[in-house]
Amino acid sequence: MGAVTPPKQDRSRATRQRLLASAVACLAERGWAGSTVSVVAEHAGVSRGAAQHHFPTREDLFTGAVEYVAEERSAALRTLPVQGRAEVVAALVDLYTGPLFRAALQLWVAASNEAQLRPRVTELEARVGRETHRIAVELLGADETRPGVRETVQGLLDMARGLGLANLLTDDTARRERVVAQWASLLDAALI
């Protein structure tokens, strides 16, 4: 019979999850300057002390939040059924058009100006980038031993990030759908 998780641990885990989700929401909606530990705690419905118990610093909270959501998104990508390239390209582009990307972008901008945050965000981005690339290769059925394939997959991810940036200011859905369809065609030709 499996071990039973004590109720206190369940509550602690639930509080942590609410804080992480609230941190991403606040960062995406209010940016770095408007997202303090107090703001996140209020949004999550917990005390500032409870927030600081789980995340001693602001940097811990926000890097933890972006990492958590990135891991959740990666898990969702890994469970996608094998599909055509157009669906895979669309799913990868979706990574860069939602609240996670908005939150991550705010964190990147803050890290460019805050020396204590920069190494943590750089390491996190490198890890998330490697994982996203690995999943993209797998989902696309790409053979990276062939010349140019690695760069083609990375180009897709870079293009997806650019589409995410374009979507920040205006709804870019119609153009994005055409670009996704074109990239799927290009990948079909390049990854044969």
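Treat the numbers as computed from the prediction; the structure is a model and nothing was measured. Quick note: residue numbers are just sequence positions, from 1.
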Legend entry - Within residues 149-160 or reaching into it, pairs that qualify as side chain to side chain donor-acceptor pair (under 3.5 Å) - sequence neighbours excluded: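 Checked against side chain to side chain donor-acceptor pair (under 3.5 Å) - neighbours excluded - the pairs reaching residues 149-160 are His133-Arg150, His133-Gln154, Glu144-Arg150, Gln154-Asp158, Asp158-Arg161.
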What is the distance from atom [atom1] of [X] to atom [atom2] of [Y], rounded to the nearest 0.5 Å?
{"X": "Phe62", "Y": "Leu124", "atom1": "CZ", "atom2": "CG", "answer": "14.0 Å"}
{"X": "Leu117", "Y": "Leu107", "atom1": "CG", "atom2": "CG", "answer": "5.0 Å"}
{"X": "Asp172", "Y": "Arg178", "atom1": "CG", "atom2": "CZ", "answer": "8.5 Å"}
{"X": "Arg13", "Y": "His54", "atom1": "CZ", "atom2": "NE2", "answer": "11.0 Å"}
{"X": "Leu20", "Y": "Leu61", "atom1": "CG", "atom2": "CG", "answer": "7.0 Å"}
{"X": "Ser38", "Y": "Arg58", "atom1": "OG", "atom2": "CZ", "answer": "10.5 Å"}

Inset, instruction - Indicate whether the side chain of Thr145 and that of Asp143 have a donor and an acceptor atom separated by less than 3.5 Å. - result: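 Side-chain D/A pair, Thr145 to Asp143: present.
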Inset, instruction - Would you mind telling me which of Asp60, Val37, Val40 makes a side-chain contact (heavy atoms from CB on, under 4.5 Å) with Phe55? - result: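 So, applying the side-chain contact (heavy atoms from CB on, under 4.5 Å) to Phe55 and each of Asp60, Val37, Val40, only Asp60 qualifies.
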Legend entry - Flag, side chain of Arg85 to backbone of Leu140, donor-acceptor distance under 3.5 Å: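 Yes; at least one donor-acceptor contact below 3.5 Å.
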Inset, instruction - Kindly say whether Val109 contributes a backbone atom to a donor-acceptor pair with the side chain of Ser112 at under 3.5 angstrom? - result: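 Such a contact is found between Ser112 side chain and Val109 backbone.
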Inset, instruction - Flag the pair Arg127 and Glu131 as a salt bridge only when some basic side-chain nitrogen lies within less than 4.0 angstrom of an acidic carboxylate oxygen. - result: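 Salt bridge absent between Arg127 and Glu131.
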Inset, instruction - For Arg175 and Ala166, work out which heavy atoms get closest and say how close. - result: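 Minimum heavy-atom separation between Arg175 and Ala166: NH2-CB, 3.6 Å.
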Legend entry - Where Cys26 and Val39 come nearest, the two heavy atoms and their spacing: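 Minimum heavy-atom contact is SG-CG1, 3.9 Å.
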Legend entry - salt bridge (Lys or Arg N to Asp or Glu O under 4.0 Å) partners of residues 86-104, not counting sequence neighbours, each pair once: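 For residues 86-104: none.
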